[in-house]
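Written below as structure tokens is the structure these notes are about.
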Amino acid sequence: MQEVRVRFAPSPTGSLHIGGAKLVMYDVLFAHGQARREGKRGTFVLRIEDTDQKRFVEGTVENLMSELRWLGLEWDEGPDVGGPCGPYVQSERTHHYKEAAEQLIASGHAYRCFCSPERLKAVREDLQKRGLPPGYDRHCRNLSPDQVQAKLDAGESHVVRFRMPREGETIVPDLLRGDITYENEKLEDLVILKSDGFPTYHLAVVVDDHEMQITHVTRGPEWIPTAPLHVRLYDALGWEMPIFAHMPLILAPTGGKLSKRHGGASLTEFREGGYLPEALLNYLALLGWSLDGETEIFTMDTLLEHFTLERVSSSPATFDRDKLDWMNQYWINHLLTVDDLATRCLPFLIDAGTIEDGPADATHPRYDDVETASALLKDRVRLLTEAPDLMSYFLQDTLPDYDAALLIPKKADAATALRALEAVASVVSDVDLADEEATEARFRALADELGLKAGQLFMPIRVAATGRTQSPGLFETLRAIGQDRVESRVAQAIDKLKATNQV
RNA sequence: GCCCCCAUAGUCUAGCGGCCCAGGACGUCACCCUUUCAAGGUGAAGAUCGCGGGUUCGAAUCCCGCUGGGGGUACCA
């Protein structure tokens, strides 16, 4: 049985899109999961397709690799880790493509085209005007060897085009969709080698996939229309064709491709937006694949166990932020340990200035406090970016200013709130807030003494202690804030109420 | 325009000829729990399986057409 080899081949033109991240994950799952279960040793290759110098963006390769590692997706061969089929950067492999192009010219499968970009544009416009499909008119297809030599001698710049058969059909077998049939007559003589000596995607991908012994070509569906050229190229070069699997596209909620306009599509934005790599992976896995339609929660481990290419859907999926958010919260609340959550909140807390700068790990001087807050808030943090706000009253000594009206409980007035808080102030120093049960018993009794419902007493205390009407359970919250800060915050609340002149 | 892909609730999906007048999840709504908000629990609404023809004793499932959505149509990937 043949070894499974797949590859992800991005062009370094910008930040990695989540569609790309999903492709990488499926590659890793297929190579390391399904392949292994089938008794093969799968390899995942990372290759950089930088054949278009004009679109190259500095730093994107490094960014891409660091974002993939953030997700926990590793490659077996690639530009940084090397491997037996290197180099893994196409701009360093140009001689391979030139050789292949020369071979194709020699065998009559390709020809040199001397048409200028201006002429091509004019041809396209003319065809379009006449209501015909725009394209190349095969002007140089039948140049005689003498004509070609003459132009070459004259130093005319040229490209190399593939000589597509004019009749018959080309079949592209796709693992997810079956055979896709094209009439050769409708196919163009596409450029495979540009005038600058660089190959186009079509030649480069076929040459590299062959030389890197790729067994399964996984890629986005935008490549389906040019796949027949790739099939023809394999045939003309006399190489065995890999298995094609064109993955489904991720659509924006508004339809069309997902982009930055739709609230962040790059991996960087998700990382900075407070998403866990585990949750993102879990969500992405389900966007186009399912185990049984029932199971929703997957770790990379269980995915490796169950993922198969055969169960990948061929229809596109719409990206749903709400479900991703739910997934993220679920992971925080149910799969992460308190310790883990605290560690992951640290960078966000430091960044927001909620706690002082320091190492983003358990050695940070405030780590214990963050852990305490994490324990109480883990069931209500959706995104890690919410941590600074949600944890502020636990981690900071002073409360930001809040509206005194919040201190007044439902169906009560300012006088009642003041009376309640003054009563609390008089007993709180005798209550051990570290003992939640005793605290609760004492305050419930206090409510009775004051003729208030428990909630009518608890709300003013909550607001006094936290500056807001929503918090975890009151007594665990008081315990975590601590005796001193609670006492001073109650005193401040009393002053605040008095200052309203309503009492 | 031409070529290609796709088509089950708002969204992700299960279903691969009878078990389905369609199951799960997100979202929505209600109730329970309750000191608030969450979390959790229970339940509800929501899909004539895009439409129309076939094939079959029987179709969400197979075939054809249409419609809709998407992709491609570059010396970009």
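So you know, we letter chains A, B, ... as the sequences are listed, proteins then strands, and number each from 1. Heavy atoms only: backbone and side chains are in, while hydrogens, waters and symmetry mates are out.
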Using Watson-Crick or G-U wobble geometry with both distances under 3.5 Å, which nucleotide pairs with [N]?
N: B:U28; answer: B:A44
N: B:U73; answer: B:G1
N: B:C16; answer: none
N: B:A38; answer: none
N: B:C51; answer: B:G65

Side-chain N or O of [X] versus OP1/OP2 of [N]: is the shortest distance under 4.0 Å?
X: A:R468; N: B:U36; value: no
X: A:K453; N: B:U36; value: no
X: A:R444; N: B:U35; value: yes
X: A:T51; N: B:A77; value: yes
X: A:K410; N: B:U35; value: no

- Message: Once you apply a heavy-atom cut-off of 4.0 Å, does A:K54 come out as touching a base, just sugar-phosphate, or nothing?
- Response: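 Since only primed, P, OP1 and OP2 atoms lie under 4.0 Å of A:K54, the category is sugar-phosphate.
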- Query: Using a cut-off of 4.0 Å on non-hydrogen atoms, how would the nucleic acid contact of A:V191 be classed: base, sugar-phosphate, or nothing?
  - Reply: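 The residue A:V191 makes sugar-phosphate contact but no base contact.
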- Can you name the residues that form a ring pair (Phe, Tyr, Trp, His ring centres under 6.0 Å) with A:H139, not counting sequence neighbours? none
Euclidean distance for [atom1], [N] against [M] (whole angstrom):
N: B:G46; M: B:G10; atom1: C1'; answer: 9 Å
N: B:A7; M: B:U13; atom1: P; answer: 10 Å
N: B:U11; M: B:C3; atom1: C1'; answer: 30 Å
N: B:G1; M: B:G24; atom1: C1'; answer: 43 Å
N: B:C32; M: B:C6; atom1: C1'; answer: 43 Å

Starting from [atom2] on [N], measure out to [atom1] on [X] and report it in whole angstrom.
X: A:K186; N: B:C2; atom1: NZ; atom2: P; answer: 10 Å
X: A:R130; N: B:C2; atom1: CZ; atom2: C1'; answer: 15 Å
X: A:L474; N: B:A38; atom1: CG; atom2: P; answer: 17 Å
X: A:D325; N: B:A38; atom1: CG; atom2: C1'; answer: 15 Å
X: A:L450; N: B:U35; atom1: CG; atom2: P; answer: 17 Å
X: A:H17; N: B:C76; atom1: NE2; atom2: P; answer: 22 Å
X: A:Q128; N: B:A74; atom1: CD; atom2: C1'; answer: 12 Å
X: A:Y201; N: B:U73; atom1: OH; atom2: P; answer: 13 Å

- Task: May I ask you to decide if the ring planes of A:F244 and A:H246 are parallel, tilted or perpendicular, using 30° and 60° as cut-offs?
- Result: parallel
- Message: Over 60° means perpendicular and under 30° means parallel, so tell me whether A:F458 and A:F475 are parallel, tilted or perpendicular.
- Response: perpendicular
- Note on the structure: Between A:D50 and A:T469, the residue closer to the 5' end of RNA chain B by nearest nucleotide is A:T469
- Item | Nearest-nucleotide comparison on RNA chain B, the residue closer to the 5′ end among A:E440 and A:G135 | A:E440
Can you tell whether the side chains of [X] and [Y] come within less than 4.0 Å, N to carboxylate O?
X: A:E449; Y: A:R442; answer: yes
X: A:R344; Y: A:D340; answer: yes
X: A:D196; Y: A:K194; answer: no

Grab the N/O contacts between the protein and nucleotides 4-13 of chain B below 3.5 Å, and write none if there aren't any.
| from | atom 1 | to | atom 2 | distance (Å) |
| --- | --- | --- | --- | --- |
| B:C5 | O2' | A:R177 | NH1 | 3.0 |
| B:C12 | OP1 | A:T318 | N | 2.9 |
| B:C12 | OP1 | A:T318 | OG1 | 3.1 |
| B:C12 | O2' | A:L286 | O | 2.9 |
| B:U13 | OP1 | A:G288 | N | 2.9 |
| B:U13 | O3' | A:S290 | OG | 3.4 |

- Item | Test item: A:L309 and A:W289 side chains (from C-beta on) under 4.5 Å apart, heavy atoms | no
- Item | Nearest heavy atoms of A:F162 and A:Y111, plus distance in Å |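 Shortest heavy-atom contact: O-CE2, 4.2 Å.
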- Item | Geometric cation-pi criterion, A:K496 with A:Y402: 6.0 Å, 45° |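 A:K496 over A:Y402 ring: yes.
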- Query: With no hydrogens and no angle check, do the side chains of A:R468 and A:S392 hold a donor and an acceptor under 3.5 Å apart?
  - Reply: yes
- Could you verify whether a donor N or O on one side chain and an acceptor N or O on the other, from A:N63 and A:T60, lie under 3.5 Å apart?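 No donor-acceptor contact under 3.5 Å links the two side chains.
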Would you tabulate the pairs of protein nitrogen or oxygen atoms and nucleotide nitrogen or oxygen atoms of nucleotides 39-47 of chain B closer than 3.5 angstrom?
| from | atom 1 | to | atom 2 | distance (Å) |
| --- | --- | --- | --- | --- |
| B:A39 | O4' | A:D379 | O | 3.4 |
| B:A39 | O2' | A:N333 | OD1 | 3.1 |
| B:G40 | OP1 | A:H334 | NE2 | 3.3 |

